[in-house]
S.K.: 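Pasting a structure below so you can have a look.
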Amino acid sequence: MATAENTELIDRFEEFYRNYYRNEIGELAQKYPNDQKSLYIDWDDLYRFDPDLADDYRTKPEQIQEYAEEALRLYDLPVDVSLGQAHVRVRNLPESEDIRDLRHEHHGNLVAVRGIIRKATDVRPKVIEAAFECQRCGTLTRIPQTAGDFQEPHDCQGCERQGPFRLNTDQSQFIDAQKLRVQESPEGLRGGETPQSIDINIEDDITGHVTAGDHVRVTGILKLDQRGNDNEKSPMFDIYMEGVSVEIEDEQFEDMEITDADKKEIVELSNESDIYDKMVGAIAPSIYGYEKEKLAMMLQLFSGVTKELPDGSRIRGDLHMLLIGDPGTGKSQMLSYIENIAPRSVYTSGKGSSSAGLTAAAVRDDFGDGQQWTLEAGALVLADQGIAAIDELDKMSPEDRSAMHEALEQQRISVSKAGINATLKSRCSLLGAANPKYGRFDQYEPIGEQIDLEPALISRFDLIFTVTDKPDEEKDRNLAEHIIQTNYAGELHTHRTENPTSNFSEEEVGTVTEEVAPTIEPDLLRKYVAYAKRNCFPTMTEEAKSRIEDFYVDLRLKGQDEDAPVPVTARKLEALVRLAEASARIRLSDTVDEADADRAVDIAHYCLKEIGVDPETGEFDADVVETGQSKTQRDRIQNIKGIISDIEDEYDEGAPADVVIERAEEVGIDESKAEHEIDKLKQKGEVYEPRTDHLRTT
């Protein structure tokens, strides 16, 4: 029996629908039940209409939702349609709770949480009203299934016996159901915190729209679930949510709160003339030098603009960067500093990562009901729209590294595991660090040969920096001073905080600390990066276009001769465009100027000079990076193979090694290089020794 209060609430909702949602209800009536089954209402609209009713909706959502759906059923429609099973779904609550801040007082309330989908089960039917058929007399008994357990009838209403019963699926009512696990987004976490997650049950028309790796905002009712089993019940409860609405958020860095005061500070900072120097000074100030590398890392944080073309294709704006260097040069420290600054980032170390951990794992566990396979998003998926920092790339197994190829260029991850075929998004920048092949660079060998990574992976990096550690008195003295000063500043600070009777004044500590303090506070820098990526989409000026074009064409001109190597490939051109766009974003500029193009060309030239040069001729050679061999080396190998195959027919036991080396010297290949190449050919199995010091080609 409806009470006066209930009737009043239903009337209030009808009035609310008439005032605010007349068109939406008309549209729902036309599309119901095949294309649309829910009316979405905005919490702000309800609050404007009746603040008390809106507050009641948050504190007693299940009761109020019944009245809201009843009002929808009673709504006077122009067409003859019954909205019997239509849902009312509230979204856009004023504030969202952090998953780690959910407490027992939220129990039964309507809450909104933000995060990233870690796992999602398949959509499966769930029974909401089970029809049991008595095997003796055939009477149907209908039992609503509201509780967590499956309810069966005690006795038959026809013959009053206790069964046996059979579930009649044709007469029962089913609804689609899915279970999601939502984990906190990386940008909401401070370094070192373990992300927490919550399970969410969703039903009917909102199922099947999200996959692992999507950033979502879920509105739902917080429920408690008792731990333990029927025999031993525990006093502890787990929390979960009954989802009311799920919205996919593709917007970047939703959790970053940027106030008007922050905006003012960011814009003022962007107008300063020495903004680039400040940006370099803001990265890992405790590490001395590396201005070019730090500037490149800053450009990577801001990244270029992702272009969506009219035909639906996409050009990535994210920059990928690799640091290869001697041990003890501070690579890992720079990586972890970037991970702390980046608004959204994931850090992982090569030895501790498998290909499944980087991309996505198919896991079989009790998530959902019964054992079923679900996809669990890996590091590159969780870093979507952010930075993935991977240390010790060279320590990973080649199979695990190959999992990254698609993520770097296509920015997605295709998974075919355990019968699941899926494509996950991984629109992230990769910042990698690795050691050279022998742990330290050998100055007598070409750098290209000492990089122990697959050419296919290396060629996908826009920038590759080599960090060598050579003794140099002046540099070493400056470095020593810097490190000692940094440690001293740390000592003073710790001494002052830990020792209440410290004899160092605050000014003294301040003066020393100032020298190693970042030029921009990390917190402000995070907001600066998020603000620039959210609001700034620069376009190229004609001067910038021609500057990049000229640099590329001039470099390529060197490769026009018949025997000359190809200096750079078109991939480098895209890298230049991305660098120039990122440089404009640092100034929050809407245009990419010539100065930005110069900065991009300067960094690219610096990288090419370090790594993309044939060590023998001193010419730029793209093959050093793209294939791991320079053109002169490749020609030499072909020459030596040719010499061996020419000579081997003249001798019964194969070509004598000394004759081969003599011939090679006549062609201009000196002895040590010829021996080196013969050894390499033997390792690859292209040449073998039928007897000692005699060679044959395979």
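The first residue of the sequence shown is numbered 1, and numbering continues consecutively from there.
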S.K.: Is there side-chain contact between L424 and D384, with heavy atoms separated by less than 4.5 Å?
M.R.: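 Not touching, per the 4.5 Å side-chain cut-off.
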S.K.: Between E594 (side chain only) and E543 (backbone N and O only), is there a donor and an acceptor less than 3.5 Å apart?
M.R.: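 No, the answer is negative, given that no donor and acceptor are paired below the 3.5 Å cut-off.
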S.K.: Within the 4.5 Å heavy-atom criterion, are P538 and T591 side-chain neighbours or not?
M.R.: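 No, side chains not in contact.
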S.K.: Could you grab the distance from atom CG of L579 to atom CG of L295, nearest 0.5 Å is fine?
M.R.: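 One gets 9.0 Å once the value is rounded to the nearest 0.5 Å.
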S.K.: May I ask you to check whether Q410 and R314 show a side-chain donor-acceptor distance below 3.5 Å?
M.R.: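 Distance-only check fails for Q410 and R314.
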S.K.: With sequence neighbours excluded, tell me which residues meet salt bridge (charged side-chain N to carboxylate O under 4.0 Å, His left out) with E542.
M.R.: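 Residues passing salt bridge (charged side-chain N to carboxylate O under 4.0 Å, His left out) with E542: K545.
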S.K.: Decide yes or no on side chain to side chain contact (heavy atoms under 4.5 Å, CB included) for F461 and L430, but give the supporting numbers first.
M.R.: CA-CA 8 Å; F461 284 101; L430 188 86; 3.6 Å; yes
S.K.: Over all heavy atoms of both residues, which pair between E454 and P398 is shortest? Give the atoms and the distance, please.
M.R.: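 For E454 and P398, the tightest heavy-atom pair comes out as OE2-CB, 3.7 Å.
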S.K.: Applying side chain to side chain contact (heavy atoms under 4.5 Å, CB included) to V577 and M540, what does each step give before you reach the verdict?
M.R.: CA-CA 9 Å; V577 173; M540 283 216 159; 3.8 Å; yes
S.K.: Apply side-chain contact (heavy atoms from CB on, under 4.5 Å) to L524 and list each qualifying residue two or more places apart in sequence or on a separate chain.
M.R.: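 For L524, the residues satisfying side-chain contact (heavy atoms from CB on, under 4.5 Å) (neighbours in sequence not counted) are E265, I266, L269, I520, E521.
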S.K.: Sort out for me which residue in V280, I338, I586 forms a side-chain contact (heavy atoms from CB on, under 4.5 Å) with M298.
M.R.: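 Of the listed residues V280, I338, I586, the side-chain contact (heavy atoms from CB on, under 4.5 Å) partner of M298 is I586.
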S.K.: Looking only at heavy atoms, what is the nearest atom pair of H482 and P285, with distance?
M.R.: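 Where H482 meets P285 most closely, the heavy atoms are NE2-O, 3.0 Å.
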S.K.: My understanding is that only residues two or more places apart in sequence, or in another chain, count here; which of them pass side-chain contact (heavy atoms from CB on, under 4.5 Å) with V601?
M.R.: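 side-chain contact (heavy atoms from CB on, under 4.5 Å) list for V601, sorted by chain: R547, F551, L576.
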S.K.: Any side-chain heavy-atom pair from L323 and M297 closer than 4.5 angstrom?
M.R.: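 The answer is yes, as the side chains (C-beta and beyond) meet within the 4.5 Å cut-off.
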S.K.: I'd like to know if the side chain of S336 and the backbone of Q333 have a donor-acceptor N/O pair within less than 3.5 Å.
M.R.: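 Yes, S336 side chain to Q333 backbone: donor-acceptor pair under 3.5 Å.
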S.K.: If I compare all heavy atoms of G281 with all of T519, which pair ends up nearest, and what's the gap?
M.R.: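 So the minimum-distance heavy-atom pair works out to C-OG1, 3.3 Å.
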S.K.: Side chain of R401, backbone of L393: donor and acceptor closer than 3.5 Å?
M.R.: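 Yes.
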S.K.: Among all residues two or more places apart in sequence or in another chain, which pass the side-chain contact (heavy atoms from CB on, under 4.5 Å) test with E481?
M.R.: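 Listed in chain order: R477.
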S.K.: With sequence neighbours excluded, tell me which residues meet salt bridge (charged side-chain N to carboxylate O under 4.0 Å, His left out) with E406.
M.R.: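 Testing E406 for salt bridge (charged side-chain N to carboxylate O under 4.0 Å, His left out), a comparison that skips the adjacent residues, returns R412.
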S.K.: Under 4.5 Å between any side-chain heavy atoms of C428 and Q385, yes or no?
M.R.: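 No - every pair of side-chain heavy atoms lies 4.5 Å or more apart.
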S.K.: Going by the salt bridge (Lys or Arg N to Asp or Glu O under 4.0 Å) test, which pairs reach into residues 316-333, not counting sequence neighbours?
M.R.: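 The answer is R316-E409, R316-D462, D326-R440.
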S.K.: Starting at CG of L453, measure out to CG of D394 and round the result to the nearest 0.5 Å.
M.R.: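 Going from CG on L453 over to CG on D394, the span is 6.5 Å.
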S.K.: May I have all residue pairs that pass ring-ring contact (aromatic ring centres under 6.0 Å, His included) and include part of residues 290-346, sequence neighbours excluded?
M.R.: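 Checked against ring-ring contact (aromatic ring centres under 6.0 Å, His included) - neighbours excluded - the pairs reaching residues 290-346 are F302-Y528.
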S.K.: Going by heavy atoms in the side chains, are V553 and D550 under 4.5 Å from each other?
M.R.: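 They are not in contact (no side-chain heavy atoms under 4.5 Å apart), so the answer is no.
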S.K.: Considering non-hydrogen atoms only, spot the tightest contact between D214 and H209 and give its length.
M.R.: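 What the structure gives for the nearest pair is OD2-O, 4.4 Å.
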S.K.: Taking atom NZ of K527 and atom CZ of R534, what is their separation to the nearest 0.5 Å?
M.R.: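 K527 NZ to R534 CZ: 11.0 Å, rounded to 0.5 Å.
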S.K.: Do T359 and V415 have side chains that get closer than 4.5 Å, going by heavy atoms?
M.R.: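 The answer is no; the side chains never approach within 4.5 Å.
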S.K.: Kindly indicate whether the side chain of T539, heavy atoms from C-beta on, has any atom under 4.5 Å from the side chain of D590.
M.R.: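 No, every pair of side-chain atoms sits at 4.5 Å or beyond.
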S.K.: Just verifying a value: how many Å separate L525 CG and N340 CG, rounded to the nearest 0.5 Å?
M.R.: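 Going from the CG atom of L525 to the CG atom of N340 covers 11.5 Å.
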S.K.: Are there more than 12 heavy atoms of other residues, nucleotides or ligands under 6.0 Å from atom CD of E474?
M.R.: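 12 or below, so no.
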S.K.: Can you name the closest pair of heavy atoms from G325 and N435 and give their distance?
M.R.: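 Residues G325 and N435, closest heavy atoms: O-ND2, 3.0 Å.
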S.K.: So M396 and L358, side chain to side chain contact (heavy atoms under 4.5 Å, CB included) or not? Walk me through it.
M.R.: CA-CA 11 Å; M396 289 171 77; L358 283 175; 3.2 Å; yes
S.K.: Residues in side-chain contact (heavy atoms from CB on, under 4.5 Å) with D274, at least two apart?
M.R.: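 Scan of D274 (side-chain contact (heavy atoms from CB on, under 4.5 Å), adjacent residues dropped) gives E272, D277, K278.
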S.K.: Applying side chain to side chain contact (heavy atoms under 4.5 Å, CB included) to I603 and L299, what does each step give before you reach the verdict?
M.R.: CA-CA 11 Å; I603 289 179; L299 292 174; 3.6 Å; yes
S.K.: Using 0.5 Å steps for rounding, measure from the CE atom of M279 to the OG atom of S270.
M.R.: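 Between M279 CE and S270 OG, I get 8.5 Å after rounding to 0.5 Å.
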S.K.: Sequence neighbours left out, what pairs pass ring-ring contact (aromatic ring centres under 6.0 Å, His included) with at least one residue falling in residues 388-413?
M.R.: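 Pairs touching residues 388-413 that pass the test: none.
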S.K.: Using the salt bridge (Lys or Arg N to Asp or Glu O under 4.0 Å) rule, collect all pairs that involve residues 290-299, keeping only residues at least two apart or in two chains.
M.R.: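 Pairs touching residues 290-299 that pass the test: K292-D602.
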S.K.: Is any side-chain heavy atom of K533 closer than 4.5 Å to a side-chain heavy atom of L301?
M.R.: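 With C-beta onward as the side chain, the pair stays apart.
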S.K.: Should E581 and R585 count as an ion pair when the cut-off is N to O under 4.0 Å?
M.R.: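 Here E581 does not pair with R585 in a salt bridge, since their nearest N and O are not under 4.0 Å apart.
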S.K.: Output all residues satisfying salt bridge (charged side-chain N to carboxylate O under 4.0 Å, His left out) with E268, sequence neighbours left out; order by chain, then residue number.
M.R.: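 K264.
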S.K.: Identify, with sequence neighbours excluded, every residue that meets side-chain hydrogen bond (donor to acceptor under 3.5 Å, both in side chains) alongside R587.
M.R.: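 Counting only residues at least two positions away or on another chain, R587 forms a side-chain hydrogen bond (donor to acceptor under 3.5 Å, both in side chains) with Y276, S589, D593, D596.
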S.K.: Starting at CD1 of I116, measure out to CD of Q183 and round the result to the nearest 0.5 Å.
M.R.: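 The CD1 atom of I116 sits 7.5 Å away from the CD atom of Q183.
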S.K.: Minimum heavy-atom separation for I341 and R526, please, with both atom names.
M.R.: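 Shortest heavy-atom separation between I341 and R526 comes out as O-CG, 2.7 Å.
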S.K.: Quick check on K475: does its NZ atom have over 12 non-hydrogen neighbours (other residues, nucleotides or ligands) under 6.0 Å away?
M.R.: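 12 or below, so no.
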